[in-house]
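The structure under discussion appears below in the form of structure tokens.
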Amino acid sequence: MKINQKKEVLPLALTTNQPSRQQPITLVLRKHAKHTTVKNHQHPYAQLIVCTRGVVQIRTTSLVCNATSQTMVWMPPRHPHHTEIQQDSQLLAVQIQLKDIPIQPLTTPLCSSWRQPRCLYSSPFIHALLQRLIELQATQNSQRYMGQLNQILLTEIEQAPVQPLSVPLPSHPRLRAICQHFLQHPAADQTLTTLLPPYGLSPSTVQRLFKKELNMSWQQWKKLALLAQAVKLNQQNYSLGQIADQLHYSSPSALNHLIKSMTGRSAKQFFLAGT
């Protein structure tokens, strides 16, 4: 794991221990300065990545997800991922050694939902549960009680709704490069006609590959990417008008239409739910 040393990474008073048979779930809370990057790395244990303040973008070979106050990321063991701190943030890493937990989740930890990275809804109950585990871990009290809370935590992770704000990435090299370019320069007025020339793919080929690899059209993927970017900008305290400008929408009402069509809520309702 390589961390950009120019930026601040401050561990807080929890633990530096990896999970073990005696303590299968440990919590590490850190402050990260804006623009800190943790380059491609992996862990021998699973992680639940919770952003208690700020915005953190996590990328794998198949997924891009912004961890915010309403979104947490499940990362399976030994799964490479890249982390970028979008603004000054506080990040809680819940480190989980699944094989050392003597409990039965609703399904086995070996099922597909535990093997794949997922972007999940971070409920107020999960935040409260994690806060209680932080308090208990700091005092090293009541291992039996912590074990019971660990069981509840795993059940909550398993039952947490998958957020529609994660952006899937294709494996086709040139299509992946197109997606990564758009994620770096998201714009509502960007079309395939203007985007494709450097990559040597036709619009029909791109549409076919999107359907084959991601089971969605380019237009659907583009809306998902724009919505994820809008959420990130909102977390950085941009107004609706400023977000619309950043994403090249003709007006705030046009952005509001996108959000309502994808979430069933107005931009104000959607963003308010996220805070």
Side-chain angles (χ1 to χ4, degrees), residues 39-40 42 55-68 71 73-76 78-84 86 111-121 160-234 243-251 253-265 267 270:
K39 295 186 178 179
N40 212 36
Q42 56 183 297
V55 180
V56 176
Q57 186 178 87
I58 298 166
R59 298 201 305 268
T60 72
T61 56
S62 61
L63 188 74
V64 176
C65 184
N66 292 319
T68 67
T71 305
V73 180
W74 170 258
M75 192 61 59
R78 298 180 178 83
H79 201 101
H81 54 285
H82 177 101
T83 305
E84 290 186 7
Q86 303 287 326
C111 76
S112 59
S113 64
W114 294 91
R115 290 176 180 159
Q116 300 300 322
R118 293 180 292 157
C119 191
L120 304 171
Y121 172 61
V162 175
Q163 284 283 56
L165 302 178
S166 56
V167 183
L169 292 175
S171 59
H172 186 281
R174 281 185 286 175
L175 187 63
R176 183 181 179 85
I178 291 168
C179 291
Q180 290 175 329
H181 175 83
F182 187 85
L183 289 172
Q184 292 170 1
H185 310 282
D189 55 1
Q190 182 76 272
T191 66
L192 285 180
T193 303
T194 58
L195 188 61
L196 292 184
Y199 301 98
L201 293 175
S202 68
S204 60
T205 299
V206 166
Q207 294 284 20
R208 177 177 57 80
L209 289 172
F210 263 107
K211 189 65 176 177
K212 177 182 178 181
E213 294 212 15
L214 302 179
N215 196 31
M216 64 177 67
S217 67
W218 148 255
Q219 290 82 2
Q220 290 171 318
W221 184 90
K222 176 183 172 181
K223 289 180 179 179
L224 191 58
L226 289 168
L227 179 61
Q229 182 68 11
V231 169
K232 185 178 80 171
L233 292 173
N234 174 255
I243 296 172
D245 288 341
Q246 287 281 320
L247 299 182
H248 295 204
Y249 278 95
S250 57
S251 66
S253 62
L255 173 58
N256 184 69
H257 177 75
L258 167 81
I259 294 172
K260 191 164 187 178
S261 68
M262 296 189 69
T263 69
R265 292 179 286 182
F270 178 68

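Here, residue 1 is the first one in the sequence, and each next residue gets the next number.
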(request) Evaluate the side-chain proximity of Leu224 to Pro168: yes if any heavy-atom separation is below 4.5 Å, no if none is. (result) yes
(request) Output every pair passing side-chain hydrogen bond (donor to acceptor under 3.5 Å, both in side chains) with a member in residues 171-184, not counting sequence neighbours, ordered by first then second residue. (result) Ser171-Glu213
(message) Given 3.5 Å as the limit, does a donor-acceptor pair link the side chain of Thr194 with the main chain of Gln190, or not?
(response) no
(request) Enter the distance from Lys39:NZ to Thr83:OG1 here, rounded to the nearest 0.5 Å. (result) 13.0 Å
(message) If I take atom CH2 from residue Trp221 and atom CG from residue Asn215, how far apart are they, to the nearest 0.5 angstrom?
(response) 16.0 Å
(request) Compare all side-chain heavy atoms of Asn234 with those of Ile243 and state whether any distance is below 4.5 angstrom. (result) yes
(request) Of all the heavy-atom pairs spanning Ala225 and Leu183, show the shortest one and how long it is. (result) CB-CD2, 3.8 Å
(request) State, to 0.1 Å, how close Leu169 and Cys179 come at their nearest heavy-atom pair, and which atoms those are. (result) CD2-CB, 4.0 Å
(request) Could you tell me the separation between the NE2 atom of His81 and the OG1 atom of Thr60, rounded to the nearest 0.5 Å? (result) 9.5 Å
(message) Could you check whether any side-chain heavy atom of Lys223 comes within less than 4.5 Å of a side-chain heavy atom of Leu227, counting everything from C-beta outward?
(response) no
(message) Would you say that Leu63 contacts Arg118 through its side chain, given a criterion of any heavy-atom pair below 4.5 Å between the two side chains?
(response) no
(message) Please enumerate all residues that pass ring-ring contact (aromatic ring centres under 6.0 Å, His included) together with Tyr249, with sequence neighbours excluded.
(response) none
(request) Search all heavy atoms of Ala187 against all heavy atoms of Lys222 and return the closest pair with its distance. (result) O-CE, 3.7 Å
(request) Please identify each residue that fulfils side-chain contact (heavy atoms from CB on, under 4.5 Å) with Ser253, with sequence neighbours left out. (result) Ser251
(request) Enter the distance from Phe210:CZ to Leu192:CG here, rounded to the nearest 0.5 Å. (result) 7.5 Å
(message) If I compare all heavy atoms of His79 with all of Arg115, which pair ends up nearest, and what's the gap?
(response) ND1-O, 4.4 Å
(message) Is the shortest side-chain heavy-atom distance between Thr205 and Leu196 below 4.5 Å?
(response) no
(message) Would you compute the distance between atom CD of Gln229 and atom NE2 of His185 and round it to the nearest 0.5 angstrom?
(response) 11.5 Å
(message) Is the ring pair Phe182/Trp218 parallel, tilted or perpendicular, if the boundaries are 30 and 60 degrees?
(response) perpendicular
(message) For His82 versus Asn40, what's the shortest heavy-atom pair and its separation?
(response) ND1-N, 3.8 Å
(message) Less than 4.5 Å apart, side chain to side chain, heavy atoms only: is that true for Leu120 and Val162?
(response) yes
(message) Consider side chain to side chain contact (heavy atoms under 4.5 Å, CB included). Of Leu209, Val206, Leu175, Ile178, which one does Pro170 pass it with?
(response) Leu175
(request) Would you indicate whether the side-chain heavy atoms of Gln207 and Gln219 approach each other to under 4.5 Å? (result) yes
(message) Less than 4.5 Å apart, side chain to side chain, heavy atoms only: is that true for Asn66 and Val231?
(response) no
(request) Give, for atom SG of Cys65 and atom CD of Gln57, the distance between the pair rounded to the nearest 0.5 Å. (result) 9.0 Å
(request) Heavy atoms only: give me the nearest Ala244-Leu255 pair and the separation to one decimal. (result) N-CD2, 3.8 Å
